[in-house]
Amino acid sequence: MPLTIDSLISRIPSLAECREDILKVRDVLTATFRSGGKLLLCGNGGSAADCEHWAGELLKSFVKDRPLPAKLAEKLPAELAQNLEAALPAIPLGGFQAASTAFANDVAPQLIFAQLTLGLGKPGDVLVGISTSGNSANVCKAVLTAKAIGMKTVALTGKSGGELAKLADTAIRAPETETYKIQELHLAIYHWLCMAVENEFF
């Protein structure tokens, strides 16, 4: 089970230049979950799919068993206690179709993620904005909103970083310039982060 950052870099040597930023994000996520906070994720297109994927790996077991805490398990019927898995709270903001389409129609399409961040985020939570260009306006506006709330902010971008990397507290710049290559690295990065955080709690 590749839990060390060196194991990730040995498979994908180009990520060596992202090493410290990946570790910073691991620590941010660990601290957030440990303090009872949650993760919000936003992005467009393929990055929206990555948000769903990332959240999915946290909301159930990824590479390790996640038994329920004993005190919770004893309150549940056996079927639930034996089959439910402990989760880490993560919300992909691209999934709120009714709220998003209503806000886009009534107010401003580029502010959808900002509005959802305002509605769901609280101080101590963390927002991850994913953008291969680093210049997705709706993601940048969500980061600005998160910072005003008192949330921690993380950018996952391509090599240039764009405006998003400047706005976020921490930025992981995947060292590629073509969209599909950036997304391939993003997958490896957030898979490793999921494994590392899961290892901390389970």
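Distance CG/Leu29 to NZ/Lys152: 10.0 Å, rounded to 0.5 Å. Note that CD1 of Ile172 is 5.5 Å distant from CG of Leu193, once rounded to the nearest 0.5 Å. Remark: Ile182 CD1 to Asp50 CG distance equals 11.5 Å, nearest 0.5 Å. Atoms SG and CG, on Cys51 and Leu93 in that order, are 7.5 Å from each other to the nearest 0.5 Å. One finds the CD atom of Gln183 at 5.5 Å from the OG atom of Ser47 (value rounded to the nearest 0.5 Å). Taken from OG1 in Thr170 to CG in Asp27, the straight-line distance is 9.5 Å, to the nearest 0.5 Å.
A distance-only check finds no donor-acceptor pair linking the side chain of Asp21 to the backbone of Cys18 [under 3.5 Å]. In terms of modelled atom types and a separation under 3.5 Å, the side chain of Lys24 and the main chain of Asp169 share no donor-acceptor contact. Put simply, the side chain of Thr153 never gets that close to the backbone of Leu127: no donor and acceptor are under 3.5 Å apart. No side-chain donor-acceptor contact under 3.5 Å links Lys64 to the backbone of Phe201. Between the side chain of Asn83 and the main chain of Glu79, a donor-acceptor pair closer than 3.5 Å is present. A donor-acceptor pair under 3.5 Å is formed between the side chain of Ser10 and the backbone N or O of Ser7.
Cluster partners of Leu59 are absent, since no Ile, Leu, Val, Met, Phe, Trp or Tyr has side-chain heavy atoms less than 4.5 Å from it.
In terms of heavy-atom proximity, Val139 sits nearest to Gly129 at CG1-CA, 3.5 Å. Considering all non-hydrogen atoms of both residues, Ala104 and Ile112 come closest at CB-CD1, 3.6 Å.
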Item to complete: Report the C-alpha separation of Arg26 and Glu200 in whole Å, then their side-chain angles, then the decisive distance to 0.1 Å, and conclude whether the salt bridge (Lys or Arg N to Asp or Glu O under 4.0 Å) test is met.
Response: CA-CA 10 Å; Arg26 177 203 61 188; Glu200 287 288 327; 5.8 Å; no

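Screening residues 69-119 for ring-ring contact (aromatic ring centres under 6.0 Å, His included), with sequence neighbours left out, gives no hits. Applying the side-chain hydrogen bond (donor to acceptor under 3.5 Å, both in side chains) rule to pairs touching residues 126-136 yields Ser131-Ser133, Ser131-Ser136, sequence neighbours excluded. Applying the ring-ring contact (aromatic ring centres under 6.0 Å, His included) test to residues at least two apart or on different chains, the pairs with a partner in residues 20-75 are His53-Tyr190, His53-His191, Trp54-Tyr190, Phe62-His191. Sorted by first then second residue, the ring-ring contact (aromatic ring centres under 6.0 Å, His included) pairs that include residues 152-181, not counting sequence neighbours, number zero.
Judged purely by distance below 3.5 Å, without hydrogens or angles, the side chains of Glu85 and Ser61 pair a donor atom with an acceptor atom.
Lys181 pairs by the salt bridge (charged side-chain N to carboxylate O under 4.0 Å, His left out) definition with Glu178, not counting sequence neighbours.
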